[in-house]
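A short worksheet on the structure shown next.
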Amino acid sequence: MLASTQGKATGLDAVYERVRHVIPSFEWPAFAPEIEAILRLKKERDAVILAHNYQTPEIFHGVADITGDSLALAREAMRVDAGVIVLAGVHFMAETAKLLNPTRTVLIPDLRAGCSLAESVTAADVRALKAKHPGVPVVTYVNTSAEVKAESDICCTSGNARRVVESLGVPRVIFIPDAHLARNVAAETGVEMIIWEGACEVHERFTARDIERIRFGHEGVTVVAHPECPRDVVQAADFAGSTADMVNFVRDRRPKKVALITECSMSDNVAVAFPEVEFVRPCNLCPHMKRITLGKIRHALETMTHEVTIDPAVSQRARRAIERMLEVR
Ligand code: 13P
Ligand code: SF4
């Protein structure tokens with residue numbers, strides 16, 4: 001179905017009107033029937049779709065009920081009244097939703113949607129670190145399994161890492177598993193970090209040289225980097241923050257030209273809301289986020305798969321670490 005371009009758009013046409021700058025018209029006929037089916041299935045199943053900012057525009061703008069960064073998705077998951085949550089994102093996000101709203105059925109459309117950070121550390125690794133550094137609090141990035149969270153004192157996201165670390169009021173923390181985020185937070189807070197050498201496979205590939213090239217090729221560009229990037233990339237940027245901070249930065253500052261140093265779909269999704277801003281698009285794809293497609297979301301709702309469950313032996317302790325994070329303002 002092709003969207004009409006004249007008059008007042010309704011239904012699917014209205015969706016296309018919003019995304020036409022980032023989805024070519026020849027792609028839309030493949031997306032429209034999937035979106036229509038998903039919107040119908042959501043009602044039949046009493047489901048809501050939570051989508052991370054790195055989801056593709058046809059998911060983000062076409063079928064998602066709630067969008068945001070990891071922190072926003074966690075907060076919103078807790079408030080969902082519907083019976084079913086479909087998490088259009090990666091596995092740790094679906095686990096977080098289940099931990100915070102355990103009576104809901106939480107579905108992830110592809111069980112293989114993982115994360116290089118979550119895969120880099122196990123619960124046994126955290127127990128070994130605690131044994132080596134007794135009494136030092138463990139701050140764990142949400143990009144981890146429930147088992148790892150259960151061994152932790154408090155979680156954090158890129159949106160609140162500085163505040164979480166400062167809330168502890170200690171000179172030294174164990175910070176797992178993102179070494180780049182740890183170094184960036186250490187520089188901001190002055191708190192000493194015992195670091196786990198994990199990295200995001202998307203953000204670790206950016207270099208300070210990339211930023212130089214962007215500035216050289218795009219005069220006047222504002223550079224905004226995610227704090228999962230290496231320290232020298234963050235230092236070379238004009239601003240660093242979570243994906244939600246990036247959206248807020250563009251909304252509040254309205255730069256003429258901006259480069260978001262992060263995953264590829266981010267610029268597409270933000271560009272829809274700010275058509276007057278020019279987006280320079282140096283980006284790296286997250287293969288895990290890209291496992292989620294409209295077809296898989298539709299299949300998840302048709303078959304009610306893949307349901308996310310958490311071992312009761314870990315869920316209470318993992319939930320506590322996330323709740324402690326949410327208490328930090
Ligand atoms: P935020 O959206 O919380 O900034 O996280 C980025 C990310 O890489 C999530 O996997
Ligand atoms: Fe993990 Fe990086 Fe992909 Fe986010 S972008 S899911 S941190 S690999």
Side-chain angles (χ1 to χ4, degrees), residues 50-56 59-60 64 66-77 87-97 100 108-121 139-145 148-149 155-164 175-185 188 196-206 224-230 233-234 237 239-250 260-270 282-293 308 322 325-326 328:
L50 270 59
H52 184 262
N53 290 329
Y54 294 160
Q55 292 295 292
T56 49
I59 294 173
F60 189 91
I66 295 164
T67 57
D69 67 353
S70 312
L71 183 59
L73 293 183
R75 285 195 194 284
E76 294 298 329
L87 206 305
V90 291
H91 194 263
F92 76 79
M93 296 176 179
E95 276 194 339
T96 302
L100 292 171
I108 181 136
D110 189 326
L111 270 176
R112 296 167 305 166
C115 170
S116 62
L117 282 165
E119 276 149 35
S120 73
V121 65
V139 180
T140 294
Y141 197 31
V142 282
N143 299 38
T144 44
S145 66
V148 165
K149 290 183 175 80
C155 288
C156 72
T157 73
S158 55
N160 62 13
R162 183 184 53 75
R163 278 178 284 132
V164 165
F175 192 103
I176 56 169
D178 189 336
H180 297 305
L181 181 64
R183 292 189 179 103
N184 286 318
V185 176
E188 280 181 26
W196 184 258
E197 288 295 338
C200 161
E201 68 189 83
V202 175
H203 292 97
E204 74 170 346
R205 300 211 300 274
F206 291 108
V224 177
H226 196 278
E228 289 172 9
C229 292
V233 172
V234 166
F239 173 78
S242 78
T243 57
D245 294 334
M246 289 180 172
V247 178
N248 295 340
F249 182 92
V250 174
L260 303 182
I261 308 300
T262 189
E263 212 274 344
C264 297
S265 290
M266 186 72 203
S267 292
D268 288 342
N269 291 332
V270 187
C283 68
N284 290 323
L285 268 180
C286 174
H288 310 288
M289 290 281 178
K290 265 45 204 180
R291 284 192 185 278
I292 309 299
T293 60
V308 174
I322 302 173
M325 165 185 90
L326 295 176
V328 174

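It should be emphasised that the depicted structure is a prediction, and the values quoted were computed from it without experimental measurement. As the structure lists them, so they are numbered: ligands from 1, and atoms in each ligand from 1.
- Backbone and side-chain nitrogen or oxygen atoms of T243 are examined, and one is located within less than 3.5 angstrom of a nitrogen or oxygen of ligand 1.
- Judged as a side chain to side chain donor-acceptor pair (under 3.5 Å), and not counting sequence neighbours, the contacts of H226 are S158.
- When only interatomic distances are considered, the shortest N/O to N/O separation between S70 and ligand 1 falls below 3.5 Å.
- The SG atoms of C115 and C200 sit 2.5 Å or more apart.
- For atom 1 (Fe) of ligand 2, the set of protein N/O/S atoms nearer than 2.8 Å consists of C115 SG, ordered by chain and number.
- Here the side chain of S116 pairs a donor or acceptor atom with the backbone of A199 at under 3.5 angstrom.
- Note on ligand 1: T157 sits outside its first shell, no heavy atom being nearer than 4.0 Å.
- Contact annotation: M93 has at least one heavy atom less than 4.0 Å from an atom of ligand 1.
- Separating the OG1 atom in T140 from the NZ atom in K149 is a distance of 8.5 Å, to the nearest 0.5 Å.
- At a 4.0 Å cut-off, at least one heavy atom of H226 sits close enough to ligand 1 to count as contact.
- Ligand 1 lies less than 4.0 angstrom from a heavy atom belonging to S158.
- The pair R205-E228 does not meet the salt-bridge criterion, since no charged nitrogen lies less than 4.0 angstrom from a carboxylate oxygen.
- At a 4.0 Å heavy-atom cut-off, ligand 2 touches E228 through the side chain alone.
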